[in-house]
2 protein chains.
Amino acid sequence: MTDPAPTAPQPVLPALDSHLGYWLRFVSNQVSHAFSLKLERRGVTVAEWVLLRELFEQEAAVPSALADRLGMTRGAISKLADRLAAKGLATRTTDKDDRRFQSLALTPQGRALVPELAALADANDAEFFGHLSAGERTQVEAVMKAIVRRLGLRAVPVD
Amino acid sequence: MTDPAPTAPQPVLPALDSHLGYWLRFVSNQVSHAFSLKLERRGVTVAEWVLLRELFEQEAAVPSALADRLGMTRGAISKLADRLAAKGLATRTTDKDDRRFQSLALTPQGRALVPELAALADANDAEFFGHLSAGERTQVEAVMKAIVRRLGLRAVPVD
DNA sequence: TGGATATGATTTCCTAGTCAACTATTGTCC
DNA sequence: GGACAATAGTTGACTAGGAAATCATATCCA
């Protein structure tokens, strides 16, 4: 660990880009950012899109279950629901039987919007990954799924 | 586009997890989150780590150049520098010749800390990707690098 | 019945960014 | 030489989220 060269005072670090995580984050950030720009033109954020999509498939959903599923806090869901409601895309209704519970549901506008946003998501994915060969695609996807499985990860990635 | 089945009112969306970007973000988020937990124990955030690392290699750096390189605004760098200074990890000095310019540099504590954090980064990467075969690693890395190159992306991924 | 407890949602405070306005300094060019 | 443009950094208003306290409702059980 001696350092005889007077012109090289600091030890060398392992290169940042030697980490696979670095490249993943790099690409992933760019993909997300590009997508957020597309969504922005429709007045929607990525988090909002994720929630809208959940509601589209569930018809009506309980906020705390959504929080679990999306890996967000209940507080965050609460505010997100506020925003969606303000935009006229979703509504809250409190459960008749147990008034602690709410259910969130899409408005007709919200329901109409989701497929359009889904098309943007498809386009975005194609933009970044469409040129990959089928082999590359499945290989990368298999590796990612294996990691998820191995570590027992859950939760839809939001941000 | 008619929908004859009364029990299936909504059209089906392309599955979210059919997107490669979905899996990338999923894994990438988990990697980042795990890393942020490790850093937290040393009282450092991910953004701070990235900046510290840059300073470690550059000896002294101009804030606005860093902002460019890290894909952050000058305002963010300014506040980040505040925090690093408050923690005694970096210092600001204004350029003698052009007093608009500053240069940021690590303090001895900052310099001492970086290799420790780098070890955490190594450990984190190994935790998620260490079990991959050399072939898988290089394959995934090659695909990511190709995407970066193809789209002419720059900027170190921070968040 | 009614008080402790549990649970869902909201609210408040905090952090860490962006954006845009602002300050300070330097350079330009008449 | 002096007004004005350009550039670096800072600041303030705003946004989105997390953590923890709080509010509302329901359940349990003595």
Side-chain angles (χ1 to χ4, degrees), chain A residues 25 29 32-33 35-37 39-40 43-52 55 60-87 90-105 155-159, chain B residues 25 29-30 32-37 39-40 43-52 60-87 89-105 155-159:
Chain A
R25 193 164 76 255
N29 282 357
S32 287
H33 186 243
F35 185 42
S36 80
L37 291 180
L39 288 178
E40 194 176 295
V44 171
T45 69
V46 175
E48 287 163 11
W49 147 249
V50 172
L51 187 46
L52 287 172
L55 295 179
V62 176
S64 54
L66 285 168
D68 265 5
R69 201 172 140 59
L70 305 185
M72 302 174 77
T73 62
R74 285 169 302 164
I77 295 289
S78 181
K79 294 165 191 170
L80 201 41
D82 281 349
R83 273 178 276 153
L84 289 179
K87 292 178 183 176
T91 55
R92 273 186 250 249
T93 39
T94 52
D95 190 286
K96 293 289 180 211
D97 301 339
D98 187 336
R99 305 189 39 191
R100 289 172 301 183
F101 285 75
Q102 293 186 348
S103 73
L104 300 179
V156 175
V158 173
D159 68 302
Chain B
R25 195 164 75 257
N29 282 356
Q30 299 286 346
S32 286
H33 185 242
F35 185 42
S36 80
L37 291 180
L39 287 178
E40 196 176 292
V44 171
T45 69
V46 175
E48 286 164 11
W49 149 249
V50 172
L51 186 47
L52 286 172
V62 176
S64 53
L66 285 167
D68 265 3
R69 199 170 143 60
L70 304 185
M72 303 173 77
T73 61
R74 285 169 302 162
I77 295 289
S78 180
K79 294 165 187 172
L80 199 41
D82 280 348
R83 274 179 275 150
L84 289 179
K87 292 180 184 176
L89 299 175
T91 56
R92 272 187 249 251
T93 39
T94 52
D95 189 288
K96 293 291 179 211
D97 300 340
D98 188 335
R99 305 190 37 191
R100 288 173 301 183
F101 285 76
Q102 293 185 350
S103 74
L104 300 179
V156 174
V158 174
D159 69 301

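The analysis underlying the following values was restricted to heavy atoms, covering all of them including side chains, and did not include hydrogens, waters or symmetry mates. Below, read A as the first sequence line, B as the second, and so on, with proteins coming before strands; counting in each chain starts at 1. Given the structure is predicted, the values throughout are model-derived calculations rather than measurements.
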Engineer: So, does A:T73 get its side chain near the phosphate of D:dG17, meaning an N or O under 4.0 Å from OP1 or OP2?
Structural biologist: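 Answer is no, no contact under 4.0 Å.
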
Engineer: Without decimals, in angstroms, what is the distance between A:R99 CZ and D:dC23 P?
Structural biologist: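 One finds 18 Å between P of D:dC23 and CZ of A:R99, rounded.
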
Engineer: Considering all heavy atoms of both residues, which atom of B:I77 and which atom of B:M72 are nearest to each other, and what is their separation?
Structural biologist: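 Closest heavy-atom pair between B:I77 and B:M72: CD1-SD, 4.2 Å.
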
Engineer: Quick check: does any side chain N or O of B:K87 sit under 3.5 Å from a backbone N or O of B:V44, one acting as donor and the other as acceptor?
Structural biologist: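 Here the side-chain-to-backbone pair does not exist.
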
Engineer: If I take atom CZ from residue B:R25 and atom OG from residue B:S32, how far apart are they, to the nearest 0.5 angstrom?
Structural biologist: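 Rounded to the nearest 0.5 Å, the CZ-OG separation comes to 12.5 Å.
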
Engineer: First locate atom OG1 of B:T45, then atom CG of B:L84, and finally report the distance between them rounded to the nearest 0.5 Å.
Structural biologist: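 It comes to 7.5 Å.
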
Engineer: Can you measure from CD (B:Q102) to OG (B:S78) and round to the nearest 0.5 angstrom?
Structural biologist: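 Spacing of CD (B:Q102) from OG (B:S78) equals 7.0 Å.
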
Engineer: Among all residues two or more places apart in sequence or in another chain, which pass the side chain to side chain donor-acceptor pair (under 3.5 Å) test with A:D95?
Structural biologist: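 By the side chain to side chain donor-acceptor pair (under 3.5 Å) rule, A:D95 matches no residue at all.
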
Engineer: Could you state the NZ-P distance from A:K96 to D:dT25, rounded to the nearest angstrom?
Structural biologist: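 These atoms are roughly 13 Å apart.
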
Engineer: Rounded off to whole Å, could you give me the CD-to-P distance for the B:E40 and D:dA19 pair?
Structural biologist: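 One finds 9 Å between P of D:dA19 and CD of B:E40, rounded.
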
Engineer: Assign a letter to each nucleotide of nucleotides 4-9 of chain C from its 5' end: B, base within under 4.0 Å of a protein heavy atom; S, sugar-phosphate only; -, no contact.
Structural biologist: --BBBB

Engineer: Tabulate atom names and distances for all N/O pairs under 3.5 angstrom spanning the protein and nucleotides 12-16 of chain D.
Structural biologist:
{"unit_1": "D:dG12", "atom_1": "O6", "unit_2": "B:K79", "atom_2": "NZ", "d": "3.0"}

Engineer: Taking atom P of C:dG27 as reference, at what distance in whole Å does atom CG of B:D95 sit?
Structural biologist: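 One finds 11 Å between P of C:dG27 and CG of B:D95, rounded.
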
Engineer: CG of B:D98 versus C1' of D:dA6: gap in Å, rounded?
Structural biologist: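 Value for this atom pair: 11 Å.
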
Engineer: In whole Å, what is the span from the CD1 atom of B:I77 to the C1' atom of C:dT18?
Structural biologist: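 Taking CD1 of B:I77 and C1' of C:dT18, I get 13 Å after rounding.
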
Engineer: Please report the shortest heavy-atom distance between A:L55 and A:A90, naming the atom on each side.
Structural biologist: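 Looking at all heavy atoms of both residues, the shortest contact is CD1-CB, 4.2 Å.
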
Engineer: Between A:D97 (CG) and D:dA24 (P), how many Å, whole number?
Structural biologist: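 Between P of D:dA24 and CG of A:D97: 21 Å.
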
Engineer: What do the steps show when you test A:T94 against A:F101 for side-chain contact (heavy atoms from CB on, under 4.5 Å), and what is the final call?
Structural biologist: CA-CA 6 Å; A:T94 52; A:F101 285 75; over 6 Å; no

Engineer: B:L66 CG to D:dT10 C1': how many Å, rounded?
Structural biologist: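 It works out to 16 Å between those atoms.
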
Engineer: Work out which heavy atom in B:A47 is nearest to a heavy atom in B:L80; give both atom names and the distance.
Structural biologist: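 Residues B:A47 and B:L80, closest heavy atoms: O-CD2, 4.0 Å.
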
